[in-house]
Asker: 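Could you have a look at this structure, given as structure tokens, before my questions?
One-based numbering, in listed order, for ligands and for the atoms of each. Quick note: residue numbers are just sequence positions, from 1.
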Amino acid sequence: MPQDANTLPPIGLFDVRAQQALIRPEIDRRIAAVLDSGHFVQGPEVEELEKALAAFAGVGHCVGVSSGTDALQIAMMAEGIGRGDAVFLPAFTYTATAEVPLVLGATPVFVDVDPKTFNIDIEDLKRRIALVKAEGRLRPRAVVGVDLFGLPADWPAIEAICAEEGMFALDDAAQAFGGALNGKRLGGWAGAAALSFYPTKTLGCYGDGGALLTDDAAKAELYRSLRTHGEGKTRYEVMRTGMNGRLDTIQAAILLCKLPLMEQELAARTRIAGWYNERLAGKVQIPVSPEGAESAFGLYSILLADEAQRARVQEACKARGVPTAVYYPLPLHHQPAYRESHAGAIRQAPPLPVSESLCKSILALPMHPYLDEAQAARVAEAVITAL
Ligand SMILES: *Cc1c(COP(=O)(O)O)cnc(C)c1O
């Protein structure tokens, strides 16, 4: 009942405090150690974290960078992606995925997504690659698969297409660190994977941060150079145009305190998704997990019948003290910043009906590892009463 919401503990869409309470002394200790060392940029904590993340994901190399967006940019710069290049990516994702190719002078080609997984639609990807090739104005260079809401994209299919077409496969795993496909953690799929440590991601720091994971040693070296102004073997040898894209030592120290919680937090996210699934299955469209895919549940999003029903559900949740959010209210090809580029990418571009319709009916429910079953039940009940 709405009036009960005032007496029950508040539910957060995310919660960065419950976790902090568990490890605060360790965080204080590690931050103090950085302050004492004075090694604020490229301190030893950065390398310690890179080793720990590579081990966690089961990949050869990890390069800490300043954000998930910069991770995507460094990966694309390493491929020499720029003017005249087509970068295929889903129309239903966060803006950063599309922004990076545009910043580099390349053209994003928006691809529709699967109505069940919300990840890039393989048939539509093939169709749009064929269209770009037939028009002959842009060179197909890369596919950015996004593991939306934590669910791994269809990496075997994306990798096969990229291998056949001579394109680079890049995993935007910003929402999905900890997720796995066919027993292999994200980070080990595609040519490289970009992680974000934005505070509300599955592994978040207390500011901005990111990383690139790859099994290719030469690429990892290139990423290290690019994140530090394109430096060579010595600091004042500039080999290539790079950027200032380093991960702060303090953020690395914080992530080192959080990483040991990751396995139990992933298990908690899966458990909470199960509590939601039990109560919501058959009433709304719940997240699917294709054979072999383990979502990291960065977010838990349901699909309502239409915009009106979503508005009713949001209203009812709000009245019961249950926060909700819409990721994403607009497909990228409708964003003012990308409309013109989209219109020029493929002249007779097929429509993107799934991306458009998801934006009208998707709804994210509270998801963080410190929700208990009573809270999950409260959330589900708030949704159900408004259907
Ligand atoms: C968060 C996010 C990014 C960007 O990460 P930042 O660290 O905020 O730069 C990129 N892609 C997706 C899909 C994201 O969710």
Asker: For K219, which residues count as a salt bridge (Lys or Arg N to Asp or Glu O under 4.0 Å) partner, sequence neighbours excluded?
Answerer: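 Partners of K219 by the salt bridge (Lys or Arg N to Asp or Glu O under 4.0 Å) criterion, ordered by chain and then number, come out as E79.
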Asker: Set out, in order, the CA-CA distance, both residues' side-chain angles and the distance that settles side chain to side chain donor-acceptor pair (under 3.5 Å) for D112 and S355, then state yes or no.
Answerer: CA-CA 6 Å; D112 214 356; S355 299; 2.7 Å; yes
Asker: Any protein N or O within less than 3.5 Å of an N or O in ligand 1? List each pair with its distance, or say none.
Answerer:
unit_1: ligand 1; atom_1: 5 (O); unit_2: S196; atom_2: OG; d: 3.3
unit_1: ligand 1; atom_1: 7 (O); unit_2: G68; atom_2: N; d: 2.8
unit_1: ligand 1; atom_1: 7 (O); unit_2: S196; atom_2: OG; d: 2.6
unit_1: ligand 1; atom_1: 9 (O); unit_2: G68; atom_2: N; d: 3.4
unit_1: ligand 1; atom_1: 9 (O); unit_2: T69; atom_2: N; d: 2.9
unit_1: ligand 1; atom_1: 9 (O); unit_2: T69; atom_2: OG1; d: 2.5
unit_1: ligand 1; atom_1: 11 (N); unit_2: D172; atom_2: OD1; d: 3.2
unit_1: ligand 1; atom_1: 11 (N); unit_2: D172; atom_2: OD2; d: 2.7
unit_1: ligand 1; atom_1: 15 (O); unit_2: Q175; atom_2: NE2; d: 2.8
unit_1: ligand 1; atom_1: 15 (O); unit_2: K201; atom_2: NZ; d: 2.7

Asker: Evaluate the criterion salt bridge (charged side-chain N to carboxylate O under 4.0 Å, His left out) for residue pair E164 and K126; output intermediate values, then yes/no.
Answerer: CA-CA 11 Å; E164 186 171 327; K126 289 182 188 162; over 6 Å; no
Asker: Tracing side-chain links under 4.5 Å among I, L, V, M, F, W and Y, which residues wind up in one group with I158?
Answerer: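 Result for I158 is F88, V109, V111, I120, I122, L125, I129, L131, V132, L138, V143, W155, I161, M167, L181, L186, W189, I346.
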Asker: Tell me whether R17 at atom CZ has more than 12 heavy atoms from other residues, nucleotides or ligands lying less than 6.0 Å away.
Answerer: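 For R17, atom CZ is not crowded (no more than 12 foreign heavy atoms under 6.0 Å).
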Asker: Please identify each residue that fulfils salt bridge (Lys or Arg N to Asp or Glu O under 4.0 Å) with R24, with sequence neighbours left out.
Answerer: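 Checked R24 against salt bridge (Lys or Arg N to Asp or Glu O under 4.0 Å); matches are D28.
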